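These notes concern the structure reproduced below.
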Amino acid sequence: RVVAMTPAKDPDALRRELVGWYLYDFANSAFFQSAMTVFVPLLVDDLANTFAWSRHGTSRPESCASLDDDAVQTNCVKCVEGDGAQIRFVDPVSGAVTYSDLPSLELPGGINPTSFIFTMISISVLFQAIVFISVGSLGDYGNYRRRGLVFASTLGAVACVLFVVLPSSASLYWLGGLLIMVSNISLGVSVVFYNSYLPLMVEDSALVVGALKGYNEGMLGDDEVYKAREAANSEYSSKGQMWGYVGGTTCLVLSVVVVFVCSVLGASDWWSYGIAASMSGFWWLAFSAPAFKRLPERPGPPPPKDVNLFLQGWLRTGALLKHLHRVSPNTNVFLLLFFVFSDGYATIATVSVLFASRELCMGALELSALAVIVPLFAAVGGYAWHAAQVKTGWSSKFVLVLNLMFLAILPLWGCVGFFTTAIGLRKPVELYVLAVWFGMCLGSAQAFGRAVFSELIPKGHEADMFALFEITDKGSSWMGPLIAASVVQTTGKIRPVLIYLLCAMVLPGGLLYALDLEPSIKAAKGDAGGGAKDGAEDAEDAE
């Protein structure tokens, strides 16, 4: 028998809760879309490179553009579109111009300064994995769901505000890495609790309540209930993603204005980036407060006595995965595919700003404009793809596969640049066009990925499953940045990372298309022989 997860909720109360849920996405998305995607990488990378030059045996050559006659100056640094910063030499006799790479720079420990930002992101996510699972069970007991959300959100926002102190000295690049870890981990933990509201709100939606009533009266079958849940999941997830992009884009636009004003006033790029990054923290704090007022406690059962809830997260997660492997192996396969492709599209966003800065020679205002394009079209794309699903009847999984294949076009086009210097992400205009394409597919891929994931969650284990979800969501990828750090450390270039990104889109997309998830979704909701009930009992055995 199909039953609701919680008693039906008053429609006005559900509407208020949904507003709060959307508002929190509006608040926290500024951190990833503005601070972590644009200003923090540029700031920390520039600080790290400047500090590395201070440790180098030779002084940094002057910029060719800053010298009196750019056409004839030699032994100076010139940024060559498609190749990045190069030392230019002009033959005094023939006038022939040649370029060579800059000397290899190192930070303490031998790390390349440009790979430092990727390394910090990877390390932060390793800590995330531990923290996510440790706190994942808290959302299922007592009043921890809302309390955990408020605490983690506030800690992350305050850490983001502190980026404003970094421009005071290049030697503070290490503090930038520490703040990246604290803010990134805190964001992920907050969204573990935030996303655990989604399956509960879906069960309270008018669409699902009506379908359950029809099922219990014998008028509707399992398929109708499944479709109602999928529709509600898709609607809430898409709208939440859309409002997140609206909030992130609005904050980003305001930050771009601040960067422009700072440039006009003669402030350095460091201070422009630092102030813009801290604005995301203030934004996060300001809009999360009204969101918390609208989100209810959603209490669970009392915590078990004489049980360590932090250890319980590991025990429950292990039991949950064991159960899924036994009765719903395709769910585990999806989790693996989800890990790879979400890591891939999150890494595209992380890498693109440094690629544009280092290899396409784009300045602060150009990068800011590029960053605005992606979330703006992501909001449009999320709405458009949802409308297409409603009109065509496509499943959430099918839309997700289409998004992944379309996202693969960006790294594929960049790989063309290995064989020619004319096209293949060799000019800034190419990146502007691909930013529109990327945005149109990114918001939808994230929304439908979350929707499909939500449908696979066994009842009573929302927080546990979303702890796994958060390991790769909200830009918390680790494998991509780790590969990027290794590539930059070895080659000094970012372009080879595109090969990994292409594989991370195409291979999981093809395997996901062939994966049958409908039996797993029905089992998770108790529509197939009480599978979800058995899973819950297995997990309870771990307690």
Side-chain angles (χ1 to χ4, degrees), residues 5 122-142 144-145 148 152 185 188-200 300-343 449-450 452-474 476-479 508 515 517 519-526 528-543:
M5 296 173 67
S122 295
I123 292 175
S124 73
V125 179
L126 291 179
F127 281 103
Q128 276 183 336
I130 297 173
V131 175
F132 288 162
I133 297 177
S134 297
V135 305
S137 291
L138 296 181
D140 293 328
Y141 294 110
Y144 290 115
R145 192 188 309 268
I185 292 172
V189 172
S190 75
V191 182
V192 167
F193 295 106
Y194 162 78
N195 275 336
S196 69
Y197 279 88
L198 179 58
L200 305 178
K305 294 182 178 180
D306 302 323
V307 170
N308 187 324
L309 290 182
F310 295 99
L311 178 61
Q312 196 65 15
W314 292 90
L315 297 176
R316 286 167 59 90
T317 299
L320 183 62
L321 291 176
K322 181 180 178 181
H323 165 74
L324 292 175
H325 177 72
R326 185 175 72 249
V327 304
S328 184
N330 281 356
T331 297
N332 278 346
V333 175
F334 174 80
L335 291 175
L336 178 61
L337 297 178
F338 178 84
F339 173 83
V340 176
F341 69 69
S342 62
D343 178 278
R450 180 162 61 179
V452 174
F453 189 95
S454 298
E455 293 165 359
L456 296 169
I457 298 176
K459 294 185 292 184
H461 294 275
E462 300 84 20
D464 288 337
M465 289 290 283
F466 273 115
L468 299 177
F469 176 88
E470 276 313 304
I471 292 177
T472 49
D473 189 46
K474 286 288 179 186
S476 338
S477 58
W478 68 268
M479 188 163 60
L515 189 66
L517 290 178
S520 298
I521 294 172
K522 290 183 176 181
K525 299 305 179 185
K533 180 180 178 181
D534 294 340
E537 290 175 352
D538 283 353
E540 292 299 327
D541 288 343
E543 300 174 4

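All values derive from a computational prediction rather than experimental measurement.
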- [ ] Heavy atoms only: give me the nearest Ile521-Glu455 pair and the separation to one decimal.
- [x] CD1-OE1, 3.3 Å
TODO: Quick one: closest heavy-atom pair of Gly449 and Phe334, and the distance?
DONE: O-CZ, 4.4 Å
Task: Test side chain to side chain contact (heavy atoms under 4.5 Å, CB included) applied to Leu311 - qualifying residues, sequence neighbours left out - done: Asn308, Leu315
TODO: Mind listing the closest non-hydrogen atom pair of Ile185 and Ser124 along with its distance?
DONE: CG1-O, 3.4 Å
Open item on the list: Students often mix this up, so state it plainly: with edges at 30° and 60°, are the rings of Phe338 and Phe453 parallel, tilted or perpendicular?
Closed with: tilted
- [ ] Identify the two heavy atoms, one from Leu517 and one from Val452, that lie closest to each other, and give their separation to 0.1 Å.
- [x] CD1-CG1, 3.8 Å
Task: Rounded distance [0.5 Å steps], OG in Ser342 versus CZ in Arg450 - done: 13.0 Å
Task: Leu335 CG to Leu456 CG distance, which is reported to the nearest 0.5 Å - done: 7.5 Å
TODO: Specify the closest pair of heavy atoms between Ala152 and Ser190, including all atoms of both residues, with the distance to one decimal.
DONE: CB-N, 3.6 Å
Task: Heavy-atom pair with the smallest gap, counting every atom of Arg145 and Phe193 - done: O-CB, 3.3 Å
